[in-house]
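Whatever order the structure lists ligands and atoms in, that order sets their numbers, starting from 1. Scope of the values below: all heavy atoms of this structure, side chains included, with no hydrogens, waters or symmetry mates.
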Amino acid sequence: MSRSPRRAKSSRKIDVRILILHGPNLNMLGTRETEIYGTTTQDEIFASCKEKGQSLSFSAVECRQSNHEGELVDWIQGAVNGAYTGLIINAAAYTHTSIAIHDALKSLTIPIIEVHISDPETREDFRHHSYIAPLATAVIKGHGEKGYDMALEKLAEITKL
Ligand code: DQA
């Protein structure tokens, strides 16, 4: 009986397509409240997420930022049709205010990881509530930019099982 050749494991590209969304003011990272958010820029975070995605053999890591709630809602709606297999979202201040983003996320069936650079629970009271947390598979907060790597690793764990 002939055996079918085995594929080398290392050449296997798993079809994991991740969308990373950033909300308002995160485009100012690097200069904005550096005592809280550090000096790493958003571009540096996005570049490092793409590198991390490659090291995890993901097919794609797409990163977008908007200061506009409706644009974020449009992008979340665009992820309903199977274009992505996982979402990482740091909705910034909209985390604490946006029922529109909450409702949009409700339509997704893919895993959602909520990320915050700081830990909002240790800050002002108005940051203690998240409209995203009830819909998230995991919440990663207070780990600085390392939180994004942690979120990508979490998605690798979930989507490759
Ligand atoms: C943040 C925390 C939010 O409370 C704040 O509005 C942000 C950034 C964070 O990543 O720590 O803009 O989401």
**Student:** Using a 4.0 Å cutoff against the non-hydrogen atoms of Tyr37, which atoms of ligand 1 qualify?
**Tutor:**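 Near Tyr37, meaning under 4.0 Å from one of its heavy atoms, ligand 1 has 5 (C), 7 (C), 8 (C), 9 (C), 11 (O), 12 (O).
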**Student:** Please indicate whether any nitrogen or oxygen in Pro120 is less than 3.5 Å from any nitrogen or oxygen in ligand 1.
**Tutor:**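 N/O-N/O distance under 3.5 Å: no.
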**Student:** Roughly how far apart are Asn90 CG and Thr95 OG1, rounded to 0.5 Å?
**Tutor:**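 It is 6.0 Å, given to the nearest 0.5 Å.
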**Student:** What protein heavy atom is closest to atom 9 (C) of ligand 1, reported as residue, atom name and distance in Å?
**Tutor:**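 The protein heavy atom lying closest is Ile117 N, 3.4 Å.
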**Student:** Does at least one non-hydrogen atom of His96 fall below 4.0 angstrom from an atom of ligand 1?
**Tutor:**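 Yes.
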**Student:** Between Leu105 and His102, is there a side-chain heavy-atom distance shorter than 4.5 Å?
**Tutor:**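 With C-beta onward as the side chain, the pair stays apart.
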**Student:** Is it true that Arg32 lies under 4.0 Å from ligand 1, counting heavy atoms only?
**Tutor:**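 Yes, Arg32 has a heavy atom closer than 4.0 Å to ligand 1.
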**Student:** Which of these, Gly144, Gly147, Ser118, has its nearest heavy atom closest to atom 2 (C) of ligand 1?
**Tutor:**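 Considering heavy atoms of Gly144, Gly147, Ser118, the nearest to atom 2 (C) of ligand 1 sits in Ser118.
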**Student:** Side chains of Ile18 and Thr85: closer than 4.5 Å at any heavy-atom pair?
**Tutor:**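 Heavy-atom side-chain distance check passes, below 4.5 Å.
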**Student:** Short N/O distance, under 3.5 Å, between Ala93 and ligand 1?
**Tutor:**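 Indeed, backbone or side chain, Ala93 has an N or O that close.
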**Student:** Would Tyr94 and His22 count as a close aromatic pair, with their ring centres under 6.0 Å?
**Tutor:**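 Not close enough - the centres of the two rings lie 6.0 Å or further apart.
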**Student:** Answer side chain, backbone, both or neither: which part of Asn90 comes under 4.0 Å from ligand 1, heavy atoms only.
**Tutor:**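 Side chain only; the backbone of Asn90 stays clear of ligand 1.
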**Student:** Output yes when Lys50 and Glu62 qualify as a salt bridge under the 4.0 Å nitrogen-oxygen rule, no when they do not.
**Tutor:**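 Glu62 and Lys50: not salt-bridged.
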**Student:** Give me the residue, atom name and distance of the protein heavy atom closest to atom 5 (C) of ligand 1.
**Tutor:**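 Result: Arg127 NH1, 3.3 Å.
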**Student:** Would you please indicate yes or no on a ring centroid separation below 6.0 angstrom for Tyr131 and His129?
**Tutor:**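 Here the rings of Tyr131 and His129 have centres that are less than 6.0 Å from each other.
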**Student:** Would Thr95 count as a polar contact of ligand 1, with the cut-off being nitrogen or oxygen pairs under 3.5 Å?
**Tutor:**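 No, there is no polar N/O contact under 3.5 Å.
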**Student:** Return the closest protein heavy atom for atom 1 (C) of ligand 1 as residue, atom name and distance.
**Tutor:**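 For atom 1 (C) of ligand 1, the nearest protein heavy atom comes out as His116 ND1, 3.6 Å.
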**Student:** Can you establish whether the number of heavy atoms outside Ile36 located under 6.0 Å from its atom CD1 is more than 12?
**Tutor:**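 It does: Ile36 CD1 has more than 12 such atoms within range.
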**Student:** Tell me yes or no: between the side chains of Ser130 and Glu114, is some donor less than 3.5 Å from an acceptor?
**Tutor:**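 Yes - a donor-acceptor pair under 3.5 Å links their side chains.
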